[in-house]
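Heads up: the structure comes next, in structure tokens.
These numbers come from a predicted model, not from an experiment.
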Amino acid sequence: MTPKSTLRIISIIQARVDAFLKDIFDMCGLSEDATAKSISDTIATEIAIYKTVEAAIRRRRNERILFSRLATDIVHSIFGIVLDVDRIHDPDLPLEAFGGIRHQIGCMRRVSSLWNSFLLSSQRYWQAIDIARPAKAIASVIERSGSAPLCIFSSTGSSQASSIRLVPAARVQTLRSDETEAYHLYRHFLQNPMPVLQTLKIPALHRIRGDHGGALGNSPSIHHLEGHWWKTPADAVGLTGLKELDLWRNSQPSVILLQILSACTNLENLEISSTDELVVGELPGAISPITLPRLRSIRLTFQSNESMVELTRRLVAPQCLRRTLRVEGAESLSLYIADYRRFMSVEETCIGQHPEFADVLIDGRSYRGTQLEYKAESRQVSLIVDRVDSVEEVPAFHDLVQELQTIFNGPLLTATVRYRSEQTWLFLKSLGDQKFQTIVAYLAQAPPNAVDFLKAIGTRRADLPSLDGPVANSATGLPFNSLKSIEILDLYSVNLVDLIGLVEEYLDKDSKPLLTLIVFVYTFYDGMELDQAVKRLEEVGITLRLSTPEEYFA
């Protein structure tokens, strides 16, 4: 073979390798903007990368490129990206997506014998150990993993003590499971020294007995801790390096929980969800305040206002962070408006402190009561009012929304209303003086009908009927005077004659020019032809639209 022909072959191979790499990196480029994607979107993109790699390889092989003729380092650089995006130690990867990614990597072994040899010789491929597998298989995986840090997880089946005893605890970096029955087995395993453990996410059985929050062993590197239905250790010394703490339905004594938070000064993400009363009464001042200078995200769920304030009043954290507060038994709102305002407030130096839009949810479907929610970009407060025996909570919720609107410089509001009882309308109509531009109503194919709903939002707050008389501090001005659109869903039928008459009367009486759109979704109509109704409303500057659910949610 002449030097000229050799150069020509090399040129052809290089061109095809370059084209192949372009296929891969074009796909990888889709996932570069991680901030614009949800976790599920990112996972889908990564799985798509695996599939694209396999398809590209098979397409090139069909073009009779022999991988055996390519340099080994080129092949390794091509397929190494598969292991680079293998997120076995990523604490944000949902466990249900973990198996799918591992399966895709396994499928890549069929691409070529050279790739298969490279994959099987890589210690990174053997880092993940399914503790539900037989002990013999686990021993083989551990041997092949060399000195690589290990990820211990459970998929299906029962974890066995004989299997977990084979795992060298000193090399475990990640331990996660959804298997509640194996909780005590894992807690026993955690008593071993685990110097490189960074992520621990295991659940317990519902309100397990005999769990006294035993030690986690020597785990100085632990950064991510998630415990569902189990107690964290009473000794918080080993948790000082925590960056993420997630306690769900935690029955931790209040003093111990606050001591742990006081020690975790490096926390970046905090989530506490509890149906238990954390605190009733004052705690010793020695553990107050709790300073978390690096906190970026906080999500708290409490059973009552009293338990909420015992933590939030002690908490000192940057105000430029994502925060969510949920209280499942929010009675006597008026007493705690200042606490909600303080939790949601932002510093003057925060970037983007004034959102342009915010959402108000009034949901009357909850069997526990009425759910009220205010959400503005990275800020959210959600309340569940168990009982509305009087109208006391209605003006308090109005005052809370007014406070939040003030600290956010009055963003335009969208209200989403899910009907169950007249209490739903009480909360909505009390907000008639706020800057709403859209109201979305789910009427659930039940009374009241669309005409009744439109009458409700057209009622001045001073004339608002209630359980015990007019709502206190009601305004007498035009309600919802910034409203531009009304969207009604799940409505069984609407009488267009009544609808048109109500709208025309309302506009003539109050000269309300801002309303420009009424949308009905999943609706039957009668009384007049749709075209005629559309024309009548067009004459007063309003567009009437009937939409299918597929069109509306597209």
Side-chain angles (χ1 to χ4, degrees), residues 43 46-47 50 53 72-73 75-179 182 185-202 216-224:
I43 293 170
E46 291 172 355
I47 292 177
Y50 299 141
V53 170
T72 302
D73 58 342
V75 176
H76 286 193
S77 66
I78 292 172
F79 295 107
I81 67 166
V82 176
L83 291 178
D84 290 340
V85 295
D86 181 13
R87 299 165 56 195
I88 62 174
H89 292 299
D90 185 349
D92 294 326
L93 177 68
L95 193 57
E96 59 268 19
F98 187 88
I101 291 180
R102 297 297 298 173
H103 174 72
Q104 291 292 335
I105 294 177
C107 290
M108 294 298 298
R109 294 177 55 184
R110 301 195 298 267
V111 170
S112 73
S113 58
L114 184 59
W115 161 236
N116 188 49
S117 299
F118 165 69
L119 187 63
L120 296 183
S121 65
S122 172
Q123 293 183 358
R124 288 195 295 169
Y125 179 75
W126 303 102
Q127 287 181 317
I129 299 177
D130 186 350
I131 208 64
R133 297 184 65 190
K136 185 176 181 180
I138 290 177
S140 176
V141 172
I142 293 174
E143 181 180 358
R144 288 171 176 256
S145 66
S147 59
L150 301 176
C151 170
I152 308 302
F153 72 101
S154 296
S155 56
T156 57
S158 300
S159 302
Q160 302 296 327
S162 58
S163 296
I164 202 168
R165 280 198 296 265
L166 298 173
V167 177
R171 288 172 48 204
V172 176
Q173 178 176 322
T174 301
L175 175 59
R176 56 191 305 184
S177 173
D178 286 339
E179 190 181 351
L185 178 63
Y186 290 125
R187 283 303 293 261
H188 182 73
F189 177 67
L190 287 165
Q191 294 177 10
N192 296 302
M194 306 180 76
V196 298
L197 181 66
Q198 294 186 12
T199 300
L200 173 61
K201 297 188 177 185
I202 56 176
L216 292 178
N218 182 13
S219 304
S221 300
I222 187 166
H223 292 162
H224 310 275

Notebook entry, point to check: Measuring from His223:NE2 to Leu200:CG, what's the distance to the nearest 0.5 Å?
Noted result: 13.0 Å
Item checked: N/O donor-acceptor pair under 3.5 Å between Arg133 side chain and Ser163 backbone -> no
Notebook entry, point to check: How far apart are the closest heavy atoms of Thr199 and His89, and which atoms are they?
Noted result: OG1-O, 4.5 Å
Next item on the list: With rounding to the nearest 0.5 Å, note down the distance linking CZ in Arg165 to CD1 in Ile131.
Entry: 11.0 Å
Margin query: Would you compute the distance between atom CG of Leu175 and atom CD1 of Ile164 and round it to the nearest 0.5 angstrom?
Written below: 6.5 Å
Margin query: I'd like to know if the side chain of Trp126 reaches the main chain of Leu150, judged simply by a donor and an acceptor atom lying under 3.5 Å from each other, with no hydrogens or angles considered.
Written below: no
Check: Closest approach of Val141 and Ala128, non-hydrogen atoms and distance?
Finding: CG1-O, 4.1 Å
Next item on the list: For Ile222 and Met194, run side-chain contact (heavy atoms from CB on, under 4.5 Å): C-alpha distance rounded to whole Å, both residues' side-chain angles, the deciding distance at 0.1 Å, then the answer.
Entry: CA-CA 9 Å; Ile222 187 166; Met194 306 180 76; over 6 Å; no
Next item on the list: Would you mind reporting whether Asp92 and His224 have side-chain heavy atoms less than 4.5 Å apart?
Entry: no
Margin query: Distance check, rounded to the nearest 0.5 Å: Gln127 atom CD versus Thr174 atom OG1?
Written below: 9.0 Å
Item checked: Nearest-0.5 Å distance, CZ of residue Arg124 to CD1 of residue Ile88 -> 9.5 Å
Margin query: Distance check, rounded to the nearest 0.5 Å: Ile138 atom CD1 versus Ser145 atom OG?
Written below: 11.5 Å
